[in-house]
Each structure stands twice: as C-alpha cells, then as structure tokens.
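Each remark here refers to the structure printed beneath this line.
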Amino acid sequence: MLCPDCNTYAAEDDIVCPRCGKLLDRQPTQEEELMRFRQGRHLRKLEESLPPPPVVPGSTGASRSFEDTRPRETAQETGAVYSRRESLASTGRFYGLEDGALDDMPLGYEVSGTPTIMAAGQRHSRAKRTIRIKRLINWAYVLIGCIVLVLALAVGTYVFLTRTPSGQVMMARMGKDATSAAMWQVGQEYLQTGDIDRAIAYFQTARAKDDEAKTPNVTGLLQMGSAYEAADLLAEAEEVYAYIYTEVVPSAPDAYRAQARVLIAQGREADAAALLSEAAAKTGVSAFRTQRLDILPSVPSTSVVPGYYNAAQTVALIQAQDCEIWYSMDQYAKLPEEGMRYEAPLELSEGEYTLRAVAVDGDLVSDVMYANFQIYLPTPLQPDCNLAPNTYSGKRNVTLRPGSLTKEELEKNPGYKATLSDPVAQTITIYYTIDGSQPDQDSPIWDGTPIQMGTYGGYQVLRAVSVNGYGKQGNTLERTYKFETNPGYRKVYGVDDVIPGLKLAVTSREDFRAKHGEGKGPEMVVLNTVEGECEQYTYDWGYASFMKTKSGWMLADVMFTTDKFEGPRNTRIGMTEDKIVGQYKDFGQVVGSTGVKRGLYYENENKQGVISILPTGEKSIYYRVGTADGHVWQLEYAIGANGSCNAIRWFFER
C-alpha cells in the first residue's frame, strides 16, 4: 500500500510509513482488532489526532529505513501538555512501548513548529536522536523466487535456442549443431565478410543436412558455388551448378549462367556453348542463345542464294572470321566429324541438294548452316533420224538430227521455249549405238557422218540420245530395223564355244596334267573371277589354273601363246582382228567418242562382245556368255599393235 502523505510503498505488515513515519490506515487483523477492543476507542481517536511526522530532507524512494539526524527535544523540555498522556503511558499499550517510555520519547516538529510525538519503536538520546525503522525480509521466499526465475530463464533460453530460427542461428555461430537454414545463413555471413574457408565449411554441412532430408536449397547451393569460385575450386563449383540444373531445377537460369562462367574461366568455350544451347531449350531464356553465338564462330554462308535454278551453279562457302569450313551434302552426317573440308567452290549440276556446313575454330564449332538448292536443267528434245523402222533388203545409211517442236508445240511448252535463248541449253551432242547397248559417254558421237547399218543380216536397233551443254540428257530415240543381206546373221559367243579337249569347271587337274604335262608348280594364286586360292601350273606355252570344288580341282583358267591349242570357232594365234571378229556377231559399230572401246553386240551384261582399246594401240577382244547354272565364261583375244592375235585366254567366273 502507498503512504497517503509521501506516496511511499509500504508492505502489508508495516504499521508506519518507512519513510515519513506516518501511521498507515490499513485493515487490522483479528489480533489487532482484539487489541484495539481492549484499548478502547479513545486510543484510535488519539492516533488520528496526532500531527504527521516531520519531512526528512534527502529521503526518497521506498527505502526500508531512514535516519533523522536533527536534534530532538523531550516533551518535558517543551512543556507540551498532551491530554491522555498519562493514560497512554500508564497502559503501556501504545504500539508495544513499555510503561513510562512515552514520556521519554522525543518530539518532532513540522514546518509550523508544532510538536508531535515520534513513532513508536524509535530510540532517543539526550540531545540528538537517530531514528531507524527496519522491516524483516523472508529470505526463504526470496531464494525460492530466485530459483524459479533461474529455471524459467534456463527453459526460455533452451526453447529460444532450439525452437526459434534466431536461436538456431546463434547456435550455428557458436559452432553447435543447428538447422540447415541456420547453417546457410551463417555461411553467407562468413562469405560476405571474406572468410571463404568457414563459409564453405558451413555450406557443406548445410548441404549434407538438406541431402539427408531431400530438401535442396537452390539459393544456398548457388552461394556455395560462388564460395567455391572465390576459393578457385572450379571443379567443385561446376559439380554444384550441374547438380542444380540436372537434378533440382532444370528450368532455373541462374545455375546455367554460373556454370557457363566456370567453363569459360577454364577455357572450355566449346562445353560452355553446348551448355548454353541446353539452357536456352530448358529455360526459354533467349539471352542464352545470344551469349552462345558470341562464343562460337560465325555461321558460314553461300555465295549463291539458296533456291530454284534452271542452270548449274558454282557455290562458294564464306566465313567472316576465316575459320575452317567443313561441309556435307548428307543431311544425316555429323559435322564436322563426318564432313569434308572446304577447299574450292562446289559445282552443282541438276538435282536437289541440302548443303550443310559449319565453321571450326579449334574446339569451337559454329551452328550448322543449311542451304537447299533445287537445280532443274533444261532437258533437250529427243533426237530424230531419217530412216523409218522397216525391213530392208540391203544396207542403209542413217542420219540423225536434234529434236524440234512446231510453233504450236512451243506454245504448249513454255518451259522449253524459254531455253531457246540459252546458248548452253541449245548446245546439243548426240550419242548413238547400233550394237544393242544404251548410249553413254563412251558411245560414238554423231558428227554428221552417215551411220551404216545392215552390214550383217538380221535385226538391228538404233539408239540415240541428245545431251545439252549442261550435261542434261533427254529421252532416247529407239528404232528397230530388219536387214536381209549377206553374209547373213552371225551367232554370238555361246557355251558350246570351247577349246578342243577342254571344258571349264569340268576338266580335272589330273586329266589335264596327264594329257598336257605336269608343268611347273603348283603356285597358289588368286583369280579375281574365282573365290579362294587356285593352283597354277606354268608351261612353255602358257599356264593352267585349277579351282577347288566339291568334285576336286577343276580347270578355271587357261592361257596360251603358241599353237599348242586352238581357240573356239577355229580361231588361233596369229589371226588378225578382222578374222577373229568375223567369226562372231558384229553390228559394225564404230569406235566410241573416248576411243576406249568398240561395241560388237550387246544383249545383256552376261551376253556381249566388246573390243577394248589400250593407249598403246593394243586391243583386247572379249566375249561373255552366261551358263545355265549361273556362272559366266569369258573368252579373250589379245591383239598386238601389229593387228594380229598373240594370246588367247579362256576363264571361268563364278
């Protein structure tokens, strides 16, 4: 309760104010009520009529005791007369004072000088009195309160440190175990202050906790990568960034940016470019594509704009940085590994081309350049001739001419009409054959000289084709004639045309050697026309080779240069070219434009006769025929520069 005079706090068991000594108005206890009852009401009235105690200078606060060092006078010295003093003194009941003690109590004065009786319990001296008021303290309660306070403080501190984020951060700072979030935060604090090693240690602990809980912290991992970079631990930083964009958040751009920075710092621009391509695809951030293009060489370009053309094109590849260029026409080829190095402009004739190229600068490879070219050259018209298909009783001369269209036909064919003003398209070369084969670049060229047909009787086919200056070939003219002339029809080389006494794949090695001698050998040789090795025996007239079959060693190849043997159809060594050719079918076709061959006849690949011309002037006449069991026999006559046969070879082809 508060003192009504000086507002000083007093305990419930205090009787007077500990500061001013004023009697406190409080509810009496039962014991006090009994005492008051015994003392009577006049004591209460006396208490109320007593003047207040003096104000002591320098006393402040709710102190438990005070001293008044001013001189005090006794009631006898002042001559004050108090009513009922005797009764109070005689009773000895004034707040526990002994009988007669009240008369010796000093008087107090207020400012007005009115004497008052000092509170009971104060001691006095003769001249000066020191008044002290004390109260008793229950130290057991104080001790219990302190213990409770300490326990509460300990529990609060434990809860704060273990249950709150701020407390966990404090634990982490003290080096104690804490949550991963606290570890990340403390690691960041060390990173900001430049203590990289401690920052990395805290980051590693935090990551281990997150990995165990399977709750990765992307922001913390990025800071961890930055710490590794600051410590020049680029391999560790690369692993952290790769973990983020491969296993945690593939669409997060920050990890890609940091990883590209690490790769470039290590001089691995090619890997950085590949990563940036992946980053652009996964995140959709266009800045990655721009950054990637800044790293790589510029993409090559073509000197000719891709598109549709009616003429052959010469295409050069251009690259601004003068890097190597690798290209391919195969749309599935991997560049640059499966491409070709560009060294000269590309010649594109008719066709559709998908040109792909890349620029290479060390390990850096640019993006792929794509260029599509569609080239359709003008097609020449089919040639025409002067002889209509029919049966003729004698030889005939045939002439050829380039094809043409009437005015009405030109109006219906504007594409060809446009080529009439193209000198390259109108440069026409006509190739022809009369041996039954298809015209090609080795066939005779029509040069205005009449073509003689019907030299031998029988059916004969004229074929001709026009080729313009672009190399474009038109449709083939084909005319079939029948000639009834002498010497009549000659037969082609057949399986019945054999060397007397011999037969390929039938004559055994034993029979041959028994009849023609042992020879020198055997020597194991490889024939291009036979599978496996063959045994070859050499003689003074030539050689004989035998192949291994299920039936044993059989004749596969025989060649002679003397008159030891005679060729099919009575041909022999020393005969002239004309005599030999005259024994077989020959349509009389002249030597082709390249001068390497003259076609005799042609029914198919395995049934033909050809004269091959060597640069030395020597010739080889060879005939082919297919057997019933799917093999081929070939007969060759070697014609020397003098025009006569100097060797005959007969061999088997599987």
Side-chain angles (χ1 to χ4, degrees), residues 165 168-298 360-367:
Q168 287 292 289
V169 171
M170 293 180 64
M171 292 284 288
R173 289 173 182 154
M174 292 185 292
K176 305 297 183 181
D177 186 33
T179 62
S180 62
M183 292 293 184
W184 287 120
Q185 181 174 336
V186 175
Q188 182 181 6
E189 293 174 357
Y190 281 120
L191 181 62
Q192 292 174 349
T193 58
D195 194 343
I196 306 301
D197 293 337
R198 282 193 178 183
I200 291 176
Y202 274 93
F203 287 152
Q204 289 174 340
T205 303
R207 182 182 180 182
K209 289 179 174 291
D210 286 343
D211 290 344
E212 183 178 356
K214 297 181 179 180
T215 56
N217 186 326
V218 175
T219 302
L221 290 171
L222 290 172
Q223 293 174 349
M224 184 179 188
S226 299
Y228 280 134
E229 288 187 69
D232 202 24
L233 300 174
L234 300 184
E236 288 78 359
E238 183 178 348
E239 183 276 328
V240 172
Y241 296 139
Y243 171 72
I244 295 174
Y245 63 72
T246 56
E247 299 186 29
V248 183
V249 190
S251 60
D254 291 338
Y256 291 105
R257 294 191 184 97
Q259 186 75 301
R261 182 177 62 247
V262 171
L263 295 175
I264 293 173
Q266 300 178 75
R268 298 163 56 189
E269 286 81 1
D271 294 338
L275 176 68
L276 291 172
S277 178
E278 177 185 353
K282 293 291 183 63
T283 65
V285 178
S286 59
F288 287 128
R289 296 186 180 91
T290 303
Q291 183 180 0
R292 177 177 176 273
L293 293 177
D294 292 339
I295 296 174
L296 298 178
S298 60
V360 179
D361 183 11
D363 293 334
L364 297 178
V365 180
S366 72
D367 286 340

Quiz item: Looking only at atom types and distance, does a side-chain atom of Gln168 sit under 3.5 Å from a main-chain N or O of Ala182, one as donor and one as acceptor?
Solution: no
Exercise. Report the C-alpha distance between Ile295 and Ile264 in whole Å, list the side-chain angles of each, state the deciding distance to 0.1 Å, and finish with yes or no for side-chain contact (heavy atoms from CB on, under 4.5 Å).
Key: CA-CA 9 Å; Ile295 296 174; Ile264 293 173; 3.8 Å; yes
Quiz item: Heavy-atom distance under 4.5 Å between the side chains of Met224 and Leu191, does that happen here?
Solution: no
Exercise. Could you tell me which non-hydrogen atom of Pro216 sits nearest to which non-hydrogen atom of Asp210, and how far apart they are?
Key: CA-CB, 4.2 Å
Exercise. Evaluate side-chain contact (heavy atoms from CB on, under 4.5 Å) for Glu238 paired with Gln266, printing each intermediate quantity in order.
Key: CA-CA 11 Å; Glu238 183 178 348; Gln266 300 178 75; 3.5 Å; yes
Quiz item: What are the two closest non-hydrogen atoms of Gln291 and Ala260, and how far apart are they?
Solution: NE2-CB, 4.3 Å
Quiz item: Would a distance-only check, ignoring hydrogens and angles, find a side-chain to backbone donor-acceptor pair under 3.5 Å from Tyr256 to Pro250?
Solution: yes
Quiz item: Is atom CD of Gln192 surrounded by more than 12 heavy atoms (other residues, nucleotides or ligands) closer than 6.0 Å?
Solution: yes
Exercise. Establish, from distance only, whether the side-chain atoms of Glu229 and Tyr241 form a donor-acceptor pair under 3.5 Å.
Key: yes
Quiz item: What is the minimum heavy-atom distance between Val186 and Ala172, and which atoms define it?
Solution: CG2-CB, 3.6 Å
Quiz item: Got a donor-acceptor contact below 3.5 angstrom from the Arg292 side chain to the Ala273 backbone?
Solution: yes
Practice problem: Using the ring pair (Phe, Tyr, Trp, His ring centres under 6.0 Å) rule, collect all pairs that involve residues 259-294, keeping only residues at least two apart or in two chains. | Solution: none
Quiz item: Crowded around Asp211 CG? As in, over 12 foreign heavy atoms under 6.0 Å?
Solution: yes
Self-check item: Positive for side chain to side chain donor-acceptor pair (under 3.5 Å) with Lys209, one of Thr215, Asn217, Thr179, Asp177
Solution: Asp177
Exercise. Would you mind checking if Arg268 and Asp363 are paired as a salt bridge, meaning a charged N to carboxylate O distance below 4.0 Å?
Key: no
Exercise. Measure the OG1-CD distance between Thr283 and Glu278 for me, rounded to the nearest 0.5 Å.
Key: 10.0 Å
Quiz item: Are Trp184 and Tyr202 close enough that their ring centers fall under 6.0 Å?
Solution: no
Quiz item: Who pairs with Asp361 by salt bridge (charged side-chain N to carboxylate O under 4.0 Å, His left out), at least two apart in sequence or on another chain?
Solution: none
Quiz item: With side chains defined as the heavy atoms from C-beta onward, is the minimum distance between Asp367 and Leu293 less than 4.5 Å?
Solution: yes
Quiz item: Is the closest side-chain heavy-atom distance between Val218 and Asp254 below 4.5 Å?
Solution: no
Exercise. Under the salt bridge (charged side-chain N to carboxylate O under 4.0 Å, His left out) rule, collect the residues that match up with Arg289, sequence neighbours excluded.
Key: none
Quiz item: So, does Ser277 use its side chain to make a donor-acceptor pair with the main chain of Ala274 at under 3.5 Å?
Solution: no
Quiz item: Leu296 and Val365: which non-hydrogen atoms are nearest, and at how many Å?
Solution: CD2-O, 3.4 Å
Quiz item: Is there a side-chain contact between Leu234 and Tyr228, using heavy atoms and a 4.5 Å cut-off?
Solution: no
Self-check item: Exceeds 12 heavy-atom contacts within 6.0 angstrom, atom CE of Met170
Solution: no
Exercise. Indicate yes or no: at least one non-hydrogen side-chain atom of Tyr245 is less than 4.5 angstrom from one of Leu275.
Key: yes
Quiz item: Taking atom CG of Asp271 and atom CG of Leu263, what is their separation to the nearest 0.5 Å?
Solution: 6.0 Å
Practice problem: Taking all non-hydrogen atoms of both residues into account, name the closest pair between Leu364 and Pro297 and its distance. | Solution: CB-CD, 3.8 Å
Quiz item: How far apart are the closest heavy atoms of Ala231 and Ile200, and which atoms are they?
Solution: CB-CD1, 3.9 Å
Quiz item: Charged N to carboxylate O below 4.0 Å: is that the case for Arg207 and Glu239?
Solution: yes
